[in-house]
Structures are given as structure tokens and as C-alpha cells.
Amino acid sequence: MHELGITHSILNIAVKHAQQVGAIRIKELNLVIGEMSSIVDDSVQFYWEMVAQGTLAEGSTLNFRRVAGRLHCDGCGHEFAFNRQDFVCPQCQSPQIRIVGGEEFFLESIDVDFDPEKQRPVQP
Amino acid sequence: MSTNIPIVENILNANDLLAGQIHDRLERAGVFSFNVMASPGGGKTSTILRTVRTLMGEFRVGVMDGDIVPIDLEELAKMGIPVSLINTGGNCHLDANMVIGALPTLDLNALDLLIIENVGNLVCPAAFKLGVDLNVVIASVPEGADKPYKYPTMFRGADVLLLNKMDLCEYQGFDLEYFKHGIEVLNPGVAFFPLSCRTGEGFDAWIDWLRAKIKTRSAATHVGQ
Ligand SMILES: Nc1nc2c(ncn2[C@@H]2O[C@H](COP(=O)(O)OP(=O)(O)OP(=O)(O)O)[C@@H](O)[C@H]2O)c(=O)[nH]1
Ligand SMILES: [Mg+2]
Ligand SMILES: [Zn+2]
């Protein structure tokens, strides 16, 4: 299983960005994971609590947006779901198709809290 | 109320940065490198053995092996070449961090070619860049012709694809056209060599292709110096 290392990577990216903006807590992490990226989100979830403990992200929630594999037919322009049996256009039977989605694997955004004392709007 | 901070950072970014460092170090030492990936038993070690045996008169070759036990490596060491075990601790793939840790175990200045045998796995290794010049993916006849359809990532990440154990085609039956169509969609134009480590059939074409790659690369390095 490689999800432990990946879970650490997710944490490091989130904490780095949270520190850059001076946040005191990470509440949510919004991840985008393509069907073909070979990552099992259940296992990331499984390790998360342990890995996040004692960090800015302790107690935070992981949100996964899964992106389905997409194929595009160069014959007729049809776009359709990736299937694991044949790579042929269901509309025109053309074999001239290519992958256009489903390989994403990134941290899209985080939801953070700031210290209310320090973040008081500065009045001019 | 929490604040949303947009990030959009690839999760394997840290790995990719380390892979870049590996690439720089190998390039500076004038070492051409490739990473061999396949299912368990697909023929990684057999391919490396035959490739090394053929090329060791022309190039100074070293091998790294990501494994839990040094069985494959002992086979390779018998040829009298430098070898190094990357202990994966049961991990399902090599990553750049493991490779960078193992680089000091080989004298890079004494090598022209570095071959890395990845962990036997057709799912994950392709996602983790190692900073090598080529990703070599080996499929094999007994695994069946549907592998590109089931494990797209692996085939998409290949710079060259070997179809090993061609000697078993006549017993096994293998729908080569179906296999090739999968490859063509996933990785248009990828170099493809059907071969057999057992009989040596098809090996010359792979070796000629590889030799040309190594020479192009070393010519470019010398010009740059
Ligand atoms: N018939 C046949 N058998 C082969 C061929 N190439 C390899 N084998 C056999 O397949 C088995 C596995 O080969 P290896 O080269 O050890 O495969 P590997 O990918 O290194 O295996 P792991 O490192 O254990 O994942 C061995 O028994 C080889 O003798 C081939 O071209 N034809
Ligand atoms: Mg092996
Ligand atoms: Zn079509």
C-alpha cells in the first residue's frame, strides 16, 4: 500500500499553504482524484486521523471529488466514460479515441480558520 | 466561518521535485538510466539480465533493485557488475526518495548505464517518477491481452513497452491486435517490442533501439561539456 506516504504528502502541502496565509487551523481539505490515478481514497481516509494528529489539520475532514475517466472520439467528437473492456466509440465504433480526463490527483483548496484576535479588520 | 484557500498543487509534487534532482545528478555524471516496471513475475529480472549481458561489453552498467530480498540482485551481481538493493520495506513501488537514498551506494562516475528494477506491480509504480531517462514497461503473454484496458496508468506512463514471453503465444493464444489497440489509445506511437527472454526472439530490435537512445544521449552530454 502506498497511501500512507501519499497521506503525508497531502498533509505537507496543506500545512505549507495554511502557514503561508497565517491560518491557525485547517478544517477541510478538498481533493480531486481521477479514476485512473490509482489512489484508493478509503485508505487515505483511514490514515488521515493518525497522520494529522498534532498538526494544524488535526480533526479536519477530507473531501474527495472523484473525476471519472473520459474518452473522446476523434471520429465523431463524442465523449464517453472510460470502460475497462474496449476503447471503441459507442456512437460511431471508431477506434480513434483518446483519454481526456480522469488522471487528476491534486489538492484543490483548503478551508482554514484564522486567529480572530489577529484577524480583526483594520479600520483606516 | 472558515476561509477557502485555493491551492491546486499536485500531490506527488514533492516526489517530482526529488526526481528532478536525481535526473540532474545522473545527467551530470553522464549516466543514461531506465526504470523497469511489470507485474510480479512479468520478466523484469530476466529482461535486465539479458540486456546487461548483451550491452556490458559496450557500456559500464549498474543495477538497482527495489525488493525486500536480494535474490534477483544476487543473480545480477554474478555478472560482475555493481548492484545495489533498495530496501522497499514492503512498499508497493519505488519512489524518488528511496532512489535518492540509494544513489551513493553506486559510483555514478564509473557508469554509463543505470537500470532500476521497480517493485513487481502493474498499478502504482508509473505514478512515481524516478528521474530516469526512460520508463520501460513490460507486459507478458500469460497475463492476457486485456492489461492495457485494466491498468491504463501503467501503459500511459511508458516510454517503451516490451511484450515478454512471446514464446508462450502458441500455447496460450494472445489477441495481439486487441492488446495493441489498447496501447495505441493510451499511449499513441509508443515504442513497442514483442520479445522473449527465454528464446531471445525479438531481443535484437529492443537492444538496437536502446543502444541508439543511449548513444544519442551520451553524444548530447559530451557536446554540452
Ligand atoms: N516462457 C518464458 N518464461 C519467462 C520469460 N521471461 C521470464 N520468464 C520466467 O518468468 C519467471 C519470472 O521472471 P523474472 O524475470 O524473475 O520476473 P520479474 O518480473 O523480475 O519477477 P519479480 O521480480 O519477482 O516481480 C521466471 O520463472 C522466468 O524464467 C520468457 O520470455 N518466456
Ligand atoms: Mg525480479
Ligand atoms: Zn465516435
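First the proteins, then the strands, lettered A, B, ... as listed; each starts at 1. Both backbone and side-chain heavy atoms feed into the values below; hydrogens, waters and symmetry mates do not.
Between E9(B) atom CD and H17(A) atom NE2 the span is 4.0 Å, to the nearest 0.5 Å. From K16(A), atom NZ reaches atom CG of N13(B) across 6.5 Å, with rounding to the nearest 0.5 Å. The line from CG of L12(B) to CZ of F105(A) is 5.0 Å long, rounded to the nearest 0.5 Å. Note that CG of L186(B) is 8.5 Å distant from CG of L71(A), once rounded to the nearest 0.5 Å. Atom CG of residue L107(A) and atom CG of residue N10(B) lie 10.5 Å apart, to the nearest 0.5 angstrom. Taken to the nearest 0.5 Å, the CD1 atom of I11(B) stands 6.0 Å off from the CD1 atom of I13(A).
By the neighbour-count criterion of 12 heavy atoms within 6.0 Å, atom CZ of R65(A) is sparsely surrounded, having that number or fewer from other residues, nucleotides or ligands. R70(A) CZ: more than 12 foreign heavy atoms inside a 6.0 Å radius. I68(B) CD1: 12 or fewer foreign heavy atoms inside a 6.0 Å radius. Within a 6.0 Å radius of CZ in F80(A), more than 12 heavy atoms belonging to other residues, nucleotides or ligands are found. Applying the 6.0 Å contact sphere to NZ of K147(B) captures more than 12 heavy atoms from other residues, nucleotides or ligands. The environment of E201(B) atom CD is dense: over 12 non-hydrogen atoms of other residues, nucleotides or ligands sit within 6.0 angstrom.
Here the closest non-hydrogen pair linking F82(A) and Y149(B) is CZ-O, 3.9 Å. For the pair P6(B) and S109(A), the tightest heavy-atom approach, listed with the atom from each and the gap, is CA-CB, 3.8 Å. Taking all atoms of both residues into account, the shortest heavy-atom contact from T153(B) to M36(A) is OG1-O, 2.5 Å.
When the candidates G182(B), P152(B), A14(B) are compared by the number of heavy-atom contacts under 4.5 Å with chain A, P152(B) comes out ahead. Comparing D146(B), I7(B), V8(B) by heavy-atom pairs within less than 4.5 Å of chain A, the highest count is held by I7(B). Ranked by non-hydrogen atom pairs under 4.5 Å with chain B, the options K27(A), R98(A), Q85(A) are led by Q85(A).
Using a 4.5 Å heavy-atom threshold, the side chains of N4(B) and N30(A) count as touching. Considering only heavy atoms from C-beta on, I6(A) comes within 4.5 Å of F128(B) through its side chain. Between H181(B) and D86(A), every side-chain heavy-atom pair lies at or beyond the 4.5 Å cut-off.
If you measure heavy-atom distances from E103(A) to chain B, the contacts under 4.5 Å come from the side chain alone.
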